[in-house]
Amino acid sequence: GWNVKAAAGTFRLSDGQALFTREWRPAREASAVVLCVHGVESHSEWFEEFAAELAKRGLAAFAFDRPGWGRSAGARGHLASYADAVRQIAEIAAALRERYQTVHLAGLSWGGLLALYAALRRAPLFDSLTLIAPGICSRADMTVPQKCGIAWNLVRQRAEALVPLPLHVEQFTKRQERREFIRHDPHRVTAVSAQFCLETLKMRAFVRANCQRRCVSSARLLLAGDDEMIDNAGTRELLSGMETHVFPKAAHSLVFEDPAGVAAAIVEERPGTANLRVQSVGGNTGRTRGCPAPPGCAPGLRPRSRRPP
């Protein structure tokens, strides 16, 4: 059976910085791993239930805390450069390549934006991409005074000045035990730096300009039907070429709302088709989109047997 082995560790980047990591593996050897990228308030522990579901299905899962998030050292809530964030993902993916036959990238919320950007920039590193309620087109927004404050801090070169995030615990999940977990999470980030906001805008601009022109192999989009943080219509329009699954009654954090369903959506293999349909998980099927699949971009993945040496 697929008994789950979980372990915490440290990954040392080429610049010497150490990142806190978590890895979940099935008892039997896995040939595939899902590299999980967390969101703006979250960290690697938020993937625990979802990662265990992946391991039960024969895939390993690997998550890390970005510098300044979770248990990793660094200025809290600060991102000096999106290039640094992509480099960190690339270094981890390259290391995972030495241990696994295939590496699949999955990003949650803001981590979905970063994962898509990384996949567009470093496509050869990843065998597939899954965006879980990605923070590309957002409904949650900062106030005008907050935006003015961010601009003022950047002009005054106070890049690490923090601004509170406009998010509430109830928006993440409908599960009461998960809400309590978030409320009492000592590693949750509730404010980000002015520079983080600027780097986010830069990534969004690049993604919006390039996601229709560049092929990302085996890309899929998972959306929460009751998401109060993400503009689902805008996201679906922007990423109209992706195989899309909608969890109709779910709140934003799908790895809390339906970890087994998200894992199943990632692992399930579907034959290639010229028309990608918006599929509904646990509810009515959504409207069919007549979107041609990009050449060579198959929608599904399965754990594969390891190649003989």
Side-chain angles (χ1 to χ4, degrees), residues 2 4 6 11 21-26 28-39 44 46-64 85-86 88-109 111-134 211 214-223 239 241-245 254-255 259-272 276 279 281 293-294 296-307:
W2 298 107
V4 180
F11 183 88
T21 65
R22 297 176 189 272
E23 188 169 11
W24 299 263
R25 292 178 296 167
R28 289 185 281 177
E29 185 179 15
S31 62
V33 62
V34 178
L35 173 55
C36 305
V37 184
H38 66 76
S44 60
W46 288 38
F47 288 111
E48 188 168 25
E49 289 179 309
F50 162 66
E53 292 294 339
L54 285 174
K56 291 175 185 177
R57 289 162 174 80
L59 278 78
F62 188 96
F64 66 100
V86 173
Q88 292 154 12
I89 291 175
E91 289 188 22
I92 293 172
L96 291 174
R97 280 280 177 197
E98 298 178 1
R99 299 166 48 203
Y100 297 95
Q101 180 180 328
T102 55
V103 177
H104 306 280
L105 185 62
L108 171 67
S109 192
L113 169 64
L114 177 57
L116 178 55
Y117 183 88
L120 290 169
R121 286 292 197 184
R122 304 288 187 93
L125 287 172
F126 311 107
D127 293 278
S128 77
L129 170 69
T130 301
L131 305 179
I132 308 171
C211 66
R214 301 191 183 193
C215 175
V216 178
S217 178
S218 297
R220 63 179 59 74
L221 173 65
L222 309 183
L223 296 174
L239 305 177
M242 287 190 183
E243 179 188 3
T244 303
H245 304 260
L254 288 173
V255 295
V262 174
I266 290 178
V267 174
E268 183 177 3
E269 184 175 9
R270 293 177 176 80
L276 302 183
Q279 306 239 356
V281 179
C297 295
L301 67 101
R302 278 281 187 192
R304 304 177 191 172
S305 298
R306 187 176 295 277
R307 296 190 189 98

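Computation of the quantities below employed the complete heavy-atom set of this structure, encompassing side-chain atoms and omitting hydrogens, waters and symmetry-equivalent molecules.
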For residues D127 and Y100, determine if any side-chain heavy atom of one lies less than 4.5 Å from a side-chain heavy atom of the other. no
Heavy-atom distance under 4.5 Å between the side chains of L105 and I89, does that happen here? yes
Compare every heavy atom of R97 with every heavy atom of L125, then report the nearest pair and how far apart it is. O-NH2, 3.0 Å
Residues L223, T244; criterion side-chain contact (heavy atoms from CB on, under 4.5 Å); working and verdict: CA-CA 8 Å; L223 296 174; T244 303; 4.2 Å; yes
I'd like to check the ring pair (Phe, Tyr, Trp, His ring centres under 6.0 Å) partners of Y117; sequence neighbours left out, ordered by chain and number. Y82, F206
Does the pair T21 and I92 meet the rule for a side-chain contact (heavy atoms from CB on, under 4.5 Å), with working shown? CA-CA 10 Å; T21 65; I92 293 172; 5.6 Å; no
Would you give the length of the straight line joining atom CG of L116 to atom CG of L221, rounded to the nearest 0.5 angstrom? 10.0 Å
Here the gap from L96 atom CG to H104 atom NE2, rounded to the nearest 0.5 Å, amounts to 11.5 Å
One should read off an interatomic distance between L114 CG and L108 CG, to the nearest 0.5 angstrom, of 12.0 Å
So, using side chain to side chain contact (heavy atoms under 4.5 Å, CB included) as the criterion, who are the partners of A6 when residues are at least two apart? W24
For A30 and G58, which heavy atoms make the closest approach, and how far apart are they? CB-O, 3.5 Å
Taking the side chain as C-beta and beyond, is there a heavy-atom pair between T130 and V34 under 4.5 Å? no
Heavy-atom side-chain contact between P134 and L222 under 4.5 Å: no
Could you list the residues that satisfy salt bridge (Lys or Arg N to Asp or Glu O under 4.0 Å) with R122, not counting sequence neighbours? none
Tell me the closest heavy-atom pair linking V255 and W46, and the distance in Å. CG2-O, 3.7 Å
Contacts of type side chain to side chain contact (heavy atoms under 4.5 Å, CB included), residue A95, not counting sequence neighbours: F11
List in chain and number order the residues that pass salt bridge (Lys or Arg N to Asp or Glu O under 4.0 Å) with E23, two or more places apart in sequence or in another chain; answer none if no residue qualifies. R99
Minimum heavy-atom separation for R25 to A60, with atom names? CG-CB, 4.0 Å
Quick one: list whatever passes side chain to side chain donor-acceptor pair (under 3.5 Å) with E91, sequence neighbours left out. S14, R87
A side-chain contact here means heavy atoms from C-beta on lying under 4.5 Å apart; do K56 and V4 qualify? yes
Counterpart residues, salt bridge (Lys or Arg N to Asp or Glu O under 4.0 Å), relative to R22 (two or more places apart): E45
Report yes if the side chains of M242 and C211 come closer than 4.5 Å at any heavy-atom pair, otherwise no. no
Closest non-hydrogen atom pair, G39 against S109: CA-CB, 4.3 Å
